[in-house]
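Here is the structure we will look at.
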Amino acid sequence: MHMDAVEIRRALDANEFIPFFQPLVVLRTGQLAGFEVLARWQHHTRGLIPPNDFIPSAEKEGWIDELMDGILQKAFMIGASIPEHLTLSVNISPVQMNDMALPGKILSVSQQTGFAMDRIIVEITESGLMGHLESAQSIVSDLKAMGCKVALDDFGTGYSSLLHLHSLPFDDLKVDQSFVSSMKDRRESRKIVAAVIGLGQSLGLTTVGEGVETQEQAEMLLWMGCEIGQGWLFGRPVPAAKLPDVMAILRPKISLGLSTLLASN
Ligand code: C2E
Ligand code: MG
Ligand code: MG
Ligand code: MG
């Protein structure tokens, strides 16, 4: 269900869009690497609404910039008060990929909030890349010049070619969760994930496994050489108020789990 424009306009003015944060974890050590910022609509009567139900309408109405600016403001403000080694990954809508001013906008939010550019990972999806190849190239190189990292999100679901992966200065490669979730039952998925991780490694990219829900998936990814994991196993997206809990709980539990299992192999 896509919310209608009038409701979204009201919600923007009422400041109802907020960032949630989902942990990214170093698979080998269990250490927290950072969080992905995921937009939520805290609706005054309907409760929490996921991004797929409002981002498309916001894009269509031309409000995605305004929406994202608010999300980034809030997220970086919060980010400025978490430990300095932690990064924040932010999602850029395909529609924003034809806006050459985007890197400058991110820089200005970084400066306003005091959340340093070198702690920001900008996630671009394959469709964002392919839809606006020329401006995407300039946006990615500007972001890199300003000190951000850039990740290719949902890899394997779109139509980018290996040429783009190779010619654009990406830092991270995020393996789409559809492959990770079907690894257990499908040999082909397992092979695809292994190949993508190998490809990322040989291009010098940090690979991130998305949608890690089970210990088995985490171990399989680690074994294939994947560096970072993200998914319900490590933690669901949480509001800012829950960040201290996540940071306190996560590290010991996960590192114990993985290293213990590896030691017994
Ligand atoms: P994404 O960037 O690929 O984000 C990962 C999605 O997978 C998130 O869904 C997250 O909640 C979900 N996820 C994480 N771990 C697991 C897991 O273990 N199992 C399962 N089943 N799902 C998991 P979410 O938050 O609903 O976001 C959906 C998409 O909406 C995102 O996909 C992203 O493309 C877009 N999005 C989210 N926030 C923003 C935003 O601020 N701006 C823009 N432009 N797009 C956003
Ligand atoms: Mg993402
Ligand atoms: Mg993703
Ligand atoms: Mg995804």
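When a ligand or atom number is given, it counts from 1 through the structure's own listing order. Position 1 is the first residue of the sequence; numbering continues from there.
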Atom of Asp154 closest to the Mg ion (ligand 3), considering N, O or S atoms:
OD1
Checking distances from the Mg ion (ligand 3), one finds that the N, O or S atom of Glu210 closest to it is OE2
Testing the 3.5 Å rule here: is there a donor-acceptor pair between the side chains of His43 and Glu7?
yes
Any side-chain to backbone donor/acceptor pair from Glu61 onto Ser57? Under 3.5 Å, distance only.
no
Just jot down the ring-ring contact (aromatic ring centres under 6.0 Å, His included) partners of Phe17, sequence neighbours excluded, or say none.
Trp41, Phe54
If you check every N/O/S atom of Asp153, which is the one nearest the Mg ion (ligand 3)?
OD1
Counting heavy atoms only, which of Lys174, Glu59, Gln177, Glu123 comes nearest to atom 7 (O) of ligand 1?
Gln177
Begin with the C-alpha distance, continue with both residues' side-chain angles, and end with the deciding distance and a verdict on side chain to side chain donor-acceptor pair (under 3.5 Å) for Ser108 and Gln112.
CA-CA 6 Å; Ser108 103; Gln112 284 167 49; 3.3 Å; yes
Atoms of ligand 1 less than 4.0 Å from Asp154 heavy atoms?
3 (O)
Thr87 (side chain) donor-acceptor with Arg119 (main chain) under 3.5 angstrom:
no
Proximity to ligand 1 by part of Arg236, non-hydrogen separation under 4.0 Å:
neither
Angle subtended at the Mg ion (ligand 2) by OE2 of Glu36 and OE1 of Glu123, nearest 10°
90°
Is it the side chain (CB and beyond), the backbone, both or neither of Ser93 that lies under 4.0 Å from ligand 1, heavy atoms counted?
both
Side chain, backbone, both or neither: which part of Asp176 comes within less than 4.0 Å of ligand 1 when only heavy atoms are counted?
neither
Using a 4.0 Å heavy-atom threshold (strictly under), name the region of Leu233 that reaches ligand 1: side chain, backbone, both or neither.
neither
Could you check whether any side-chain heavy atom of Ile228 comes within less than 4.5 Å of a side-chain heavy atom of Val26, counting everything from C-beta outward?
yes
Which segment of Ala39 sits under 4.0 Å of ligand 1 when only heavy atoms are counted
both
Should the proximity of Ile55 to ligand 1, defined as any heavy atom under 4.0 Å, be assigned to the side chain, the backbone, both, or neither?
side chain
Going by distance alone, is a donor N or O of one side chain under 3.5 Å from an acceptor N or O of the other, for Gln96 and Lys105?
no
